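Encoded as structure tokens, the structure appears first; notes follow it.
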Amino acid sequence: MALPKLVIRIAADDEIRRHGKEAYPNESCGALLGRGRVVTDAMPLPNTSEEGSRRRFRIRPVDYCAAERRASEMDAELLGFYHSHPDDLARPSQYDLDHAWPTFAYVILAVEGGESTALRSWRLREDRSAFDEEPVALEPADGVGEE
Amino acid sequence: MATKILIPTPLRSYTAKRDVVEAEGATVGELLANMTEQYTDLRKHLYTNEGTLRSFVNIYVNDDDIRYLEKEQTPVTSDDTVSIIPSVAGGRRS
């Protein structure tokens, strides 16, 4: 069954791409804030991986709590997280799958040679066996969508 | 006496949208067992198939991570608040 689309406001898409390029060749990561299936804000967070931030990211509990708090202050919801895959596809890895939380959107940005390319969004299946891709639509702040 | 457990956003769809639930138990392990008896779909997201807490699931008693206390044997009372706090991790293909 096809998943409904995730709408990402253009300003949030810009921020995810800016962060991915800035962090290259390391992985960037951050939180997705908004309402329902509309991401209005991207919140960059520190990558604290101790396994090598060129191929891993980790968001600490304290930063996770900061994202929940920011969402609450905005009267919004924590909708998921983004991270970049430097010089790799915007597809989840087995490591992504092993560490995934249910119901969250997992947005992955491919960054090739320092330039951002594909941005795709994934959701964990209920039985944790795989991710399913959800379509992404970009939308300006005042509403009209573009695929 | 019941102890309060704070539920993070991604698990609230398994607790009827509640961000706080109550469970019974004298230790963190007993408390989580009682909670997952009430909300059975939570179990697979908190525990591995071998029955251990997943590495990216952090359990705090008040402000303290149970890894630095007595892990799942950490005692709890009705005055404590237990929090489930995610670590979020991933990365590209090796």
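Lettering of chains follows the sequences in order, A, B, ..., and the numbering in each one begins at 1. For clarity, every value in this text was computed on a predicted model and none was experimentally measured.
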Quiz item: Does any heavy atom of chain B fall under 4.5 Å from the side chain of E77(A), the backbone, both, or neither of them?
Solution: neither
Quiz item: Side chains of N47(A) and S49(A): do they bring a donor and an acceptor to under 3.5 Å?
Solution: no
Exercise. Would you please name every residue forming a ring-ring contact (aromatic ring centres under 6.0 Å, His included) with F131(A), sequence neighbours left out?
Key: Y106(A)
Practice problem: Below 4.5 Å from any heavy atom of chain B, which atoms of L45(A) appear? Answer side chain, backbone, both or neither. | Solution: neither
Self-check item: Sidechain N-carboxylate O distance under 4.0 Å for K21(A), E115(A)
Solution: yes
Exercise. Let me know if S87(B) has heavy atoms under 4.5 Å from chain A in its side chain, its backbone, both or neither.
Key: both
Quiz prompt | Residue A100(A) versus chain B: region with a heavy atom under 4.5 Å | solution = backbone
Quiz item: Which atoms of Q94(A) come close to chain B, meaning under 4.5 Å heavy atom to heavy atom: side chain ones, backbone ones, both, or neither?
Solution: neither
Exercise. Look at R58(A) together with E50(A) and state whether they make a salt bridge at an N to O cut-off of under 4.0 Å.
Key: no
Practice problem: Please determine, by modelled atom types, if E30(B) and N34(B) share a side-chain donor-acceptor pair under 3.5 angstrom. | Solution: no
Quiz item: Which word best sums up how the rings of H19(A) and Y82(A) line up, parallel for under 30°, tilted for 30 to 60°, or perpendicular for over 60°?
Solution: perpendicular
Quiz item: Where on F57(A) is there a heavy atom nearer than 4.5 Å to chain B: the side chain, the backbone, both, or neither?
Solution: both
Quiz prompt | Selection from G80(A), P86(A), C29(A), A31(A) maximising heavy-atom pairs under 4.5 Å formed with chain B | solution = P86(A)
Quiz item: Should the pair W101(A) and F56(B) be assigned to parallel (<30°), tilted (30 to 60°) or perpendicular (>60°) ring geometry?
Solution: perpendicular
Exercise. Quick one: which of R91(A), R128(A), R60(A), R54(A) has the most heavy-atom pairs under 4.5 Å with chain B, could you say?
Key: R128(A)
Self-check item: Proximal component of D98(A), with respect to chain B [non-hydrogen, under 4.5 Å]
Solution: backbone
Quiz item: Relative to chain A, which segment of S55(B) carries a heavy atom at a distance below 4.5 Å: side chain, backbone, both, or neither?
Solution: side chain
